[in-house]
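Following: one structure in C-alpha cells, then a few remarks.
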Amino acid sequence: QVQLVESGGGLEQPGGSLRLSCAASGRIFSIETMGWYRQAPGRQRELVAAITSGGQTSYADSVKGRFTVSRDNAKNMVYLQMNSLKPEDTAVYYCNVHRLRSASFGPPKDYWGQGTQVTVSL
C-alpha cells in the first residue's frame, strides 16, 4: 500500500510564501510524475505543477513565475515552493503521483494525498 502525506499548508498574507511537502511511502519501485493539484470551493480540481522523474516541469499559467515544483527521487518526495501568494491561490492542495509502480513488472497506478489547506488572506 502506498501513502502520500502532505505538510506545509496554512494561512499566509498576500505576497507571502509557503512551502508544501509531500512524502510518498510504502512499496515503491518507480514514480513517473509527481505533482500538485488544487481545488477551491465551487471549482474543479486543477493541475498546479508537476515534475517528471527526469526533472521536466509543467505549471498552470496562473502560477508561472511564482511557484516552483521540485522533487527528491531518492526520498520519493515532492515540494511546491509558493511565492508572491495571491488570495486566488486559496484552495485545498493535493499531492499526486502518476504512474507509480510497486515493482518493475507491476501495473502503474495513481495516488492522491489527503489535501492541505492553503489560505491567502489579510
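In this chain, residues are counted from 1 in sequence order.
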Contact check, side chains of Glu6 and Gln114, non-hydrogen atoms, under 4.5 Å: yes
NE2 on His98 to OG1 on Thr52, rounded to 0.5 Å: 11.0 Å
Mind checking the OH-CZ spacing from Tyr79 to Arg71? Nearest 0.5 Å is all I need. 11.5 Å
Taking C-beta and beyond as the side chain, do Pro14 and Pro87 meet within less than 4.5 Å on heavy atoms? yes
Under the 4.5 Å side-chain heavy-atom rule for ILVMFWY, direct or indirect, which residues accompany Tyr111? Val2, Leu4, Leu18, Leu20, Ile28, Ile31, Met34, Trp36, Val48, Ile51, Tyr59, Val63, Phe67, Val69, Val78, Leu80, Met82, Leu85, Tyr93, Val97, Leu100, Val118, Val120
How many angstroms lie between OG in Ser121 and CD in Glu12, if you round to the nearest 0.5 Å? 11.0 Å
Looking at Ala60 and Leu47, what are the two nearest heavy atoms and their distance? CB-O, 3.4 Å
Which residue pairs pass the disulfide (SG to SG under 2.5 Å) test when at least one of the two sits in residues 80-122, sequence neighbours left out? Cys22-Cys95
Apply side chain to side chain contact (heavy atoms under 4.5 Å, CB included) to Asn83 and list each qualifying residue two or more places apart in sequence or on a separate chain. Ser17, Gln81
For Ser102 and Arg27, indicate whether the former's side chain and the latter's backbone hold a donor-acceptor pair under 3.5 Å. yes
When rounded to the nearest 0.5 angstrom, what is the spacing between OH in Tyr37 and OH in Tyr94? 13.5 Å
Of all residues at least two apart in sequence or in a different chain, which pass the side chain to side chain contact (heavy atoms under 4.5 Å, CB included) check with Gln117? Thr90, Val92, Thr119
Is the backbone of Arg99 close enough, under 3.5 Å, to the side chain of Asp110 for a donor and an acceptor to pair up by distance? yes
Inter-residue atom distance Glu46.CD - Gln39.CD, 0.5 Å rounding: 9.5 Å
From Ser7 OG over to Arg19 CZ, what is the distance, rounded to the nearest 0.5 angstrom? 9.0 Å
Mark yes when over 12 heavy atoms from residues, nucleotides or ligands other than Glu88 sit less than 6.0 Å from its CD; otherwise mark no. yes
Please list all pairs meeting disulfide (SG to SG under 2.5 Å) that have one or both residues in residues 25-60, counting only residues at least two apart or in different chains. none
By salt bridge (charged side-chain N to carboxylate O under 4.0 Å, His left out), Arg66 pairs with (sequence neighbours left out) Asp89
